[in-house]
Amino acid sequence: MHFGGLLTGAGEHMRLRTYEWATQVTAPMQPLNMCINTQTPLVQFTAAHAPPPGRRTSAPLDLAALTEGVDYRYSPGGVTRMVLPLVRHMLQDRFLDEAHWVALNPNAPATVRMSGVTLHSVTLGPKRMASYGMVKEAIWGRVHGIDETDHHDDLFWTEAFSEYAYYNRITSELIRKLDKKHDFDVFYIHDFQQIPIGHMLTTLKPKIFRWHIPFDRSTIPPRWHALLATYLNSYDAIVVSSPRYADSLKSFGYTGRIEHIYPYVDPKDYSDPPAADVASVSERFGVRRGDIVALVVARMDPVKAHDRAIEALAELASSFPRLKLVLVGNGSFSSSRSGVGLSKSDRWRAHLEEMVTRSHLEDRVVFTGHLSQHDLDCFYERCSFTILPSVREGFGLVVVESWLHHRPAIITSRAGIADLVREGKNGLVFDPDEPGALAGQMRRLLGDHPTELSKTLIRGGSLAAEKCSIEAAVRSERALLTEVMEA
Amino acid sequence: MVDLYATLWTFALAGLTLLLTWLLAMLASWLIGRFMQQSSPQVTSGARRLGAVMVWLIGSILAIQELGVSPLILIVVIALVGFAALIAVREPLGNYGAKYFTDVYTPFKVGDTIRVQGYAGKVIAINAITTVLLADNEQLISVPNSVFITDIVVNTTPQAWKEVTIPISIGPSVDLPAFESELLKHLSKLRLRLDRQFPPLLSTKSRTSQSTDLTLTVMLRRPEERDAVTVEVNKRVAEVLEHTRTNRR
């Protein structure tokens with residue numbers, strides 16, 4: 001099998017952390033005190049540390065006194081995974097003096113301390129949470145172009161929307177209270193769920209918003225335009241993940257500063273696991289020696305379109321009898337019972353499992369659920385290539401992870417990261433709505449002579465990954481913060 | 001001994017009068033609030049304050065009378081000081097009063113473009129005495145607020161006719177997130193009368209430890225329904241305020 005050779009070759013010749021980016025950024029006159037706001041919390045606690053309802057103490061909890069994996073875990077997913085390394089770097093460089101991070105976290109103590117960062121939890125009762133979740137899903141569905149019906153056109157007039165406003169108002173009130181105490185220099189608000197915060201937070205201090213999902217004005221119902229434009233225009237600057245989104249945002253009527261910064265990861269967070277660990281983790285999930293692994297790392301959500309990968313596998317199954325599809329991931333914070341509590345991930349997984357059974361692929365598809373970073377690294381190491389099949393994707397950081405692990409990636413044309421991909425040079429692109437397109441690209445990597453193409457893609461991927469490095473992002477984010485502060 | 005009792009009794013009566021005054025002032029404020037439910041919350045709040053002050057004025061005079069002091073001197077002093085003050089600050093007071101009414105009844109706000117007395121510009125500030133316009137040639141024009149009551153004002157902002165802004169002032173007894181959420185629920189019931197493209201928007205204007213000044217903006221669907229919608233929205237704001245206060249208690 002050619003793939004065995006390719007894996008070894010990739011591992012030996014192009015190891016992971018070979019980036020040497022110069023970090024020539026100047027520190028501001030005075031280190032900043034920044035308030036960050038995301039919906040998804042940085043850490044999620046086990047039941048043992050969840051305060052009983054109505055009994056949240058104000059005494060801060062020290063995260064260092066707890067054990068990761070036992071008492072708490074870091075939230076998976078792009079936003080928190082991006083923001084933490086950024087904050088860490090800025091604290092290290094003394095660009096930041098301190099950071100306060102406000103997030104929705106009903107099952108957490110009110111305040112949690114970790115080195116340099118204080119986490120503040122917003123809580124919401126189950127009834128309000130359900131309505132809030134409904135509204136944010138509706139916005140998410142329309143913006144991603146999944147829900148093309150008009151039954152959410154009047155979303156902003158519904159009773160559920162008043163609960164969405166309630167959530168954002170209690171968050172902005174908490175931020176205001178913290179600002180009175182800590183006198184922040186800047187507010188950095190992340191993700192679409194939090195968009196009203198800028199308008200609600202009456203302050204003359206700079207407010208920056210990062211829009212993480214796609215921004216295409218054609219998918220936004222006209223009845224949403226006025227309110228969204230009001231919310232967007234309350235920010236001094238908006239950061240988007242793709243130049244396409246920047247153009248769309250401008251045509252939508254946003255008059256402030258628009259910055260395009262690629263999402264980023266910190267290569268230090270990824271390790272090369274020992275071969276024995278790779279073998280053991282693979283064995284645990286039924287992946288045998290000699291199997292060819294196609295890896296999909298994505299939460300269980302219809303937008304991630306795992307079904308396209310299963311269809312492609314069905315098409316190739318008889319030609320490549322050792323080919324296996326490994327699906328890593330479960331629900332997001334929104335789907336978790338300790339989070340927003342939406343059940344779409346369970347429904348989507350049931351749908352996929354039924355599809356697998358119907359196609360008689362039970363022994364060819366592996367659902368791993370959520371994996372620890374170590375186990376995920378093992379699968380990146382074990383796989384022959386990765387697939388990002390999403391029908392819509394704000395960016396697609398998993399492709400960068402694949403590049404960092406020196407694995408070729410097959411990428412949907414509907415992802416923001418497709419802007420970085422040069423067909424056949426650093427990735428293979430396909431249209432998720434074109435039947436057979438994904439299978440065709442997979443075949444190119446599974447064919448008789450895949451080595452040269454794979455090597456080219458790996459080499460190109462490593463170069464492209466530099467654009468999504470934490471160092472590059474820290475430079476851009478610092479420049480943005482400095483300019484916004486000085487403007 | 002008898003004198004001491006008499007003095008104590010007098011003071012007790014004066015105290016009782018003040019206590020009754022306090023209760024009556026509360027009652028007057030509440031009754032005015034009930035009667036003026038359909039008015040702008042800002043006018044209602046001003047009327048409630050005025051009612052309470054009047055009751056306190058009468059109550060204080062009665063309490064002074066109980067103490068055996070002639071209230072005549074006090075009344076004369078208040079009248080003279082009031083008269084002198086009125087003469088001295090007649091102009092600014094006129095503008096200040098006009099500002100109070102323009103806040104509620106004049107159809108423009110900061111950010112709008114207006115024309116008044118041959119001047120035109122973008123409204124960049126409305127203070128207690130004047131409204132400041134920024135002309136196209138970047139000149140600042142200061143227009144006394146009283147002009148807006150006596151002269152014709154043209155608001156040339158596109159779609160200005162649609163916009164109804166309602167100033168709301170809430171005290172610390174009102175939970176802002178709950179108030180906003182409840183208000184949005186109420187206003188969603190009026191959506192047939194409002195422009196669907198512009199959902200109601202509550203904005204925070206200023207805050208102190210004692211109060212939060214907000215502006216509610218709704219957009220009309222039909223110009224002829226302006227008064228009816230304004231009255232209905234005001235009524236709902238008052239109801240939600242009352243409801244939120246009661247729930248907080």
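Here is the naming used below: chain letters follow the sequence lines, and residue numbers restart at 1 for every chain.
In terms of heavy-atom pairs under 4.5 angstrom with chain B, the leader among A:Thr158, A:Asp153, A:Asp154 is A:Asp154. Put simply, of A:Pro222, A:Pro196, A:Ser162, the one with the most heavy-atom pairs under 4.5 Å next to chain B is A:Ser162.
Interatomic distance, OH of A:Tyr166 versus CG of B:Asp175, reported as 5.5 Å (0.5 Å rounding). Between atom CG of residue B:Leu192 and atom CH2 of residue A:Trp157 there is a gap of 10.0 Å, rounded to the nearest 0.5 Å. How far CD of B:Glu180 is from CD1 of A:Ile170: 11.5 Å, rounded to the nearest 0.5 Å.
Within a 6.0 Å sphere centred on NZ of A:Lys205, heavy atoms belonging to other residues, nucleotides or ligands number more than 12. Applying the 6.0 Å contact sphere to CZ of B:Arg115 captures no more than 12 heavy atoms from other residues, nucleotides or ligands. The local environment of CH2 in B:Trp161 is crowded, with over 12 non-hydrogen atoms from other residues, nucleotides or ligands closer than 6.0 Å. Around NZ of A:Lys177, the count of heavy atoms belonging to other residues, nucleotides or ligands within 6.0 Å does not exceed 12. Residue B:Lys162 places its NZ atom among more than 12 non-hydrogen atoms of other residues, nucleotides or ligands, all under 6.0 Å distant.
Within residues 208-228 of chain B, no residue has any heavy atom under 4.5 Å from a heavy atom of chain A.
Checked options A:Arg128, A:Glu159, A:Arg169; the residue passing with B:Ser181 is A:Arg128 (criterion: side chain to side chain contact (heavy atoms under 4.5 Å, CB included)).
Using a 4.5 Å cut-off between heavy atoms, B:Leu187 touches chain A through its backbone atoms (N, CA, C, O) alone. If you measure heavy-atom distances from A:Ser172 to chain B, you find no contacts under 4.5 Å at all. Residue A:His199 touches chain B through its side chain alone, counting heavy-atom pairs closer than 4.5 Å.
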Side chain to side chain contact (heavy atoms under 4.5 Å, CB included) assessment of A:Glu173 paired with B:Leu176: CA-CA 9 Å; A:Glu173 289 292 286; B:Leu176 175 57; 3.7 Å; yes

